[in-house]
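Report on one structure; see the data block that follows.
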Amino acid sequence: MPPKFTPRQRKHKVIARQNQNAALDNASADANATEIIPEEQRLRNEKKAALKNELVAEIKGKMSGKKKKRLDKYVETKLKKEENLVLLKKLAEQKMDTTLLRRSKNMGESTQKKRERPVEGPEEFHSESGSGSEDETVRERPRPGKGAKKAVASAEEKPAAHTASSAEAKSVGSAGLFGTGLKRPLEVDESGKPVIQVRKRRKAKAKGKPVVIEEEVPWEGFNSDEDEDEEESGSGPGSASEESGGSEEEDESASASDDSEEDSEEESSSDTSEDENDKSARKERSNAFKAWATTQRNEAIGFVPTNNLTYAIPPQPKNFTPRAPESDPLPPELETKTATDATRKAYSVAVERTPEIQEARLQLPVVAEEQKIMEAIHNNDVVVVWGATGSGKTTQVPQFLYEAGYGAPDGPTPGMIGVTQPRRVAAVSMSKRVGDELGSEKAKVAYQIRFDTSTSAKTAVKFMTDGVLLREISQDFILTKYSAIVIDEAHERSVNTDILIGMLSRIVDLRADLAKKDPKKNKPLKLIIMSATLRISDFTDNKRLFRQGPPPLLKAEGRQYEVTNHFARKTQRDYVEEMFRKVCRGHRKLPRGGMLVFLTGQNEITHLAKRLRQTFTSSQSKEVTTGKVQISPEQTSLETEDIELGANKDDYHDDDGSDSDDSIITGLDNDEDKDEFEDEGGFDIEEGETESEELKVHVLPLYSQLPTNQQMRVFDAPPEGSRLIVLATNVAETSLTIPGIRYVFDCGRAKEKKYDLTTGVQTFEVGWISKASANQRAGRAGRTGPGHCYRLYSSAVFERDFDEYAEPEIMRTPLEAVVLQLKSMGAPVLGFPFPTPPDRTNLQKAENLLLYLGAVSLDGKVTKLGHELSLYPLNPRFARILVMGVAQNLTAQTIALVAALSAPELITPENKLGLREPPLADPSHIRTEQDNVEAEERSRLRKAYNKALAKLAVNAKHSDCIKLNNAVCAYAYESDGDAFCEDMFLNAKAMREAGQLRQQLTSIVRAHRPTALSAYQTKLPAPSSSEVNLLAQICAAGFIDQIALRADLAPIPPELPRKPKTAIDVPYLTLFSSTSQRASKEDPARQYVYLHPSSLLARTPPAKLPAYIIYSHLQRAAPSTVDATTSPKTRMHPLTPVTRPQIVNIALNTPLLQVGKPKGKIVERVVG
DNA sequence: CTCTCCCTT
């Protein structure tokens, strides 16, 4: 909600702020922590000058009136979104502060100014390549021998503007105290309003206009007509080449491309109202992008064979049979879209395969389509291949390409074939399989994933994760090394796949242009998009994406065994209970064959696994409990509420239409026992199976967090005389294929992380899956033979409530990483050809965050810092932390910290230990020896857990981020990492990843800043006490927008019914509202957030809790099913406590706060 | 007093 500044409220605020300051001073009086800069003294002075403080506010109030009118008008016409409004007002106010502060600063601090440089904005491209400009100001110990000379030079270069009257400034002279973060005076226009500094080229445009007003809706500049205009104006590539000092070469290539790009210039010069100067400036900029692309290409020119290409057909092996001529005429969609190369020479690479492989290949439907597919690829730059599961497209299409000469170094298309997969395992396993199938050419196939690669100079077919290819694009935009790219699993619509497709649509055009101009040097790039569903209209009917028209679609039928779907008559709300009953009945009645049970989470899985093992004889003797509690399905509650009464008559069944199968569904679903027995007989006769009564169960859980070796157990054959029952989450839907599954039980739901766009609170919700997902789950029963899928929902619910397809990931995930990456590559954001364009508020949210981090400037351009952040394979927040750590000379420790923060669920949360007393199944249950043994075990576990946590917290000083850092440091000293993780309740998989990430980050930092740290060493000592203080502050730099203030220290403290007794009952207020306005009106308590019990701070006495906490995220539990009247509290996951001076220190170096906010500002925002 | 599905550079 935008603060309204009526004079009365303003006065009230000033008073409130003074109260606040008093409170804060108390809070920070005990701040014995090391400060990054010795600012504390100054801040104390600042406090003494409270009166002057008020003066500033008043002057600001006057100006604010003027400014406010303009802002309001602007807002009325241009902005609907509340958040934009808040941001703009904020920024406007800051700019005004800046003006004041600068003026006062100019009065007497000019010497101080000489070593200051802007933290963001195009000017900083003048700075040398050594270190980010933020170094200077945050550094505790100034680095000697650096910067002085150069800084003076730069100060001379750009003398500060002194045009504004200094009368006001004099009267607020000491306000300069707040301005310590000011890098450089802003320019001011005639009316005294600040002007943002822009790059020289753009100056004409921006000159003399106030920042906020000039910038309209910042995104509108990026429409697709101006793609190139926007692309070139991104500063990433430009800054890179400036830094590398190759300016002469750059000019050369720029002018070269100037000459050769006449036609494309015509397209972009449609705006006739532009004057000539603007036009030529625009042309210059427009060509810069192409120039950059040309440079990229030229850099790799060594790889492209020059003019002695041989097009001759190589000697053919004995068993080579020429391809049969095309018999059918091409369907219309296969007709040539791009320039037909009628003279195309035949070229092929011979592959010798074993007869077994040959035969197996011939079974695959896609092989029958080879001719059509390859013909379409030759005639079109972009092709979409649809092939259902089992069509063999993933393994065969890359081989078709290879045999047609793609990737052959001496052929007409020498570049590699790149195949992307959304998951690492898939990339590795597919490369192995295709390598095997290529027999004699096995050595040409390789894979590359984040921490591992098998590529060599010989590699012709490269399987990789989509993230790897995205990284490669950011280094070589036109993908010089490739002649064809295959995007697999495009139907999954992961963010990376979507971005890749958008990028590649442009790269393909660019390469086609280049090839036209110099066919000998440049070859077109072929793009093959592969999907397993027919949801491809987002790609094919997307004019923005494929400007040449829709790409041709090629179909290959799947080859799967038939799976019969059995819908439930009723859809039970308590699906776990229902699942237990169905699996029990199914196990008793169904013939041999593995079962795969889809549930939504780990808790459900462990719960159900336990009950199944108790109910049946388990093959896992170790886990058989002696005090078996028999709960038959009949005894369990039948009072579950029906969501919906499925229409009995039109029960859905698949094509198969077998009535006996239908009756089994009824049997399985019927609550009455009698039917069940009748059905059983019928079923058994049909399947000729009689021994199911004897069958034991072999129950295995399967979810992502499970240690790998336990996951692997699902691939082993179950013990003789037992049935494999796998209880799985969504991992089993796509990532892992379990052999021998004949029956699938699908609860029809999945757990999904939801992220509230306005408040940032995350929740986990269980919701319906899509029809496509349901069919995918069912399909898991048909891998090795015909199968059955039992669905715990009625066909009516399926038809009515299930979406056709899941929403693309880009619509429901934070986008700061995507936006930063696009911007740093110089790609437009709004104009980017997304297959499905993401929500604008979501993009704006990402943009705001990047602004807070200093990664983009106010006009939406990437800053030098932003470009540096994009070089790290990290979320921008973590990259910001890393860069801050380098600047603070604490590189190795910060790398460990970032690695720890990046790993999910590093420490096993207490609630996953199963420490809770199990609920008594029966009130009359008498405590058995077994119960006692279990209770003892729980108590032992709890003690061990607390001990482990205490170890990790030993020097952490209530900083949870240090706790994580300690885990990584300690792990590095262990020879047996897995055992250590076991003892310390750490996630071994995550710890291993964190270790690898440390290594990766070390080499990247060293490449970028050779002096920052020495070579990677596994062992890293835990941080010293002063390092802990510094590290915690460095950590806060990545989360500067996520500050919580203890609510009782706020100007208007909450009226609590009673004093909080424990730390987790103490209310905090967040910088940005953590709840919607409506919700906080209905229930004022909802505006507060509380500590998460897993935090180190949760064990602190309430009175000793810190005033300020930086947190990583807010979370709210799903509403309790038992008690729906009270909604759960919103809880924050703290990273570290911070003192007020520390906040000021860190915030001063972000664009958001760099201009020095008057004291109390943050608090004001919280309240306002 | 928590109550994390699945991916990735």
Side-chain angles (χ1 to χ4, degrees), chain A residues 420-427 448-451 464-475 489 492-497 499-500 598-607 702-705 728-736 747 749-754 762-767 769 773 806 809 812-813 817-818 820-821 869-876 878-879 902-916 987 990 993 996-997 1000-1001 1004 1061-1065 1090-1095 1098-1099 1113 1115-1122 1128-1133:
Chain A
T420 73
Q421 291 289 330
R423 280 167 293 276
R424 292 184 199 167
V425 262
Q448 183 180 348
I449 60 174
R450 183 168 194 170
F451 297 120
M464 62 197 132
T465 40
D466 40 24
V468 168
L469 187 61
L470 264 181
R471 280 278 140 191
E472 289 188 12
I473 289 178
S474 72
Q475 278 145 36
E489 316 284 5
E492 287 188 22
R493 302 300 307 275
S494 77
V495 173
N496 280 347
T497 323
I499 301 297
L500 265 185
F598 281 102
L599 291 166
T600 72
Q602 201 176 323
N603 276 344
E604 290 170 10
I605 288 171
T606 39
H607 170 79
L702 182 65
Y703 43 85
S704 180
Q705 287 282 336
T729 61
N730 257 346
V731 256
E733 191 178 306
T734 48
S735 309
L736 287 165
C747 74
R749 291 131 170 123
K751 191 177 285 181
E752 212 182 326
K753 186 154 92 176
K754 298 265 174 167
Q762 75 176 38
T763 49
F764 281 91
E765 284 170 27
V766 172
I769 58 176
S773 283
E809 192 191 3
R812 48 193 165 86
T813 189
V818 170
L820 179 61
Q821 196 168 15
L869 299 191
S870 78
L871 297 175
Y872 293 103
L874 294 169
N875 176 289
F878 298 147
S902 300
E905 285 261 295
L906 210 58
I907 300 173
T908 311
E910 191 175 335
N911 58 332
K912 288 252 175 87
L913 296 179
L915 290 180
R916 283 231 165 148
N987 177 347
E993 285 255 319
Q996 288 173 310
L997 185 54
Q1000 188 190 27
L1001 291 177
I1004 295 175
K1061 277 181 188 153
T1062 59
I1064 57 171
D1065 293 327
Y1090 302 85
L1091 285 168
H1092 194 273
S1094 64
S1095 170
R1099 297 160 192 233
H1113 61 283
Q1115 192 170 21
R1116 189 161 47 236
S1120 159
T1121 45
V1122 187
K1129 286 172 173 164
T1130 304
R1131 300 214 171 258
M1132 64 171 155
H1133 291 257

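Order of the sequence lines sets the chain letters (A, B, ...), proteins ahead of strands, with each chain counted from 1. Bear in mind that the values here come from a model prediction, so they are computed numbers and not experimental data.
- Within 4.0 Å (heavy atoms only), A:Ser494 reaches no atom of the nucleic acid at all.
- Looking at A:Thr729 and A:Ser704, their side chains never come closer than 4.5 Å, going by heavy atoms from C-beta outward.
- The structure places CG of A:Leu702 at 11.0 Å from CG of A:Asn730, a figure rounded to the nearest 0.5 Å.
- Heavy atoms of A:Thr465 sit under 4.0 angstrom from primed sugar atoms or phosphate atoms, though from no base atom.
- A donor and an acceptor atom, one from each side chain of A:Glu489 and A:Thr497, are nowhere located under 3.5 Å apart.
- Using a 4.0 Å heavy-atom criterion, one finds that A:Asn875 contacts the bases of the nucleic acid, with or without backbone contacts as well.
- Atom-to-atom distance recorded for A:Ile1004:CD1 and A:Leu874:CG is 7.5 Å, nearest 0.5 angstrom.
- Partners of A:Arg424 under the side-chain hydrogen bond (donor to acceptor under 3.5 Å, both in side chains) rule, at least two apart in sequence or in another chain, are A:Glu993.
- A:Arg450 comes within 4.0 angstrom of a base, heavy atoms only.
- Counting only N and O atoms by type, the side chains of A:Arg450 and A:Gln1000 include a donor and acceptor under 3.5 Å apart.
- Residue whose closest nucleotide on DNA chain B sits further toward the 5' end, between A:Asn603 and A:Phe451: A:Asn603.
- One finds a salt bridge joining A:Arg423 and A:Glu492 here, because a Lys/Arg side-chain nitrogen approaches an Asp/Glu carboxylate oxygen to under 4.0 Å.
- The residue A:Ser735 sits close only to the backbone: its heavy atoms come under 4.0 Å of sugar-phosphate atoms, none of a base.
- Read 5' to 3', the first and last nucleotides of DNA chain B with an atom closer than 4.0 Å to a heavy atom of chain A are B:dC1 to B:dT9.
- When heavy atoms are screened at a 4.0 angstrom cut-off, A:Pro422 is found touching the sugar-phosphate backbone but no base atom.
- Across all strands, A:Gln1000 comes closer than 4.0 Å to no nucleic acid atom at all (heavy-atom distances).
- Nucleic acid contact class of A:Ala750 (heavy atoms, under 4.0 Å, all strands): none.
- Residue A:Gln762 is classed as having no contact, given no heavy-atom separation below 4.0 Å to the nucleic acid.
- Within the nucleic acid shown, A:Lys912 comes within 4.0 Å of sugar-phosphate atoms alone, with no base atom in reach, counting heavy atoms only.
- Positionally, the nearest nucleotide of DNA chain B for A:Glu905 lies more toward the 5' end than for the other of A:Glu905 and A:Asp466.
- Among the atoms of the strands shown, only primed sugar atoms or phosphate atoms (P, OP1, OP2) are found under 4.0 Å from some heavy atom of A:Ile449.
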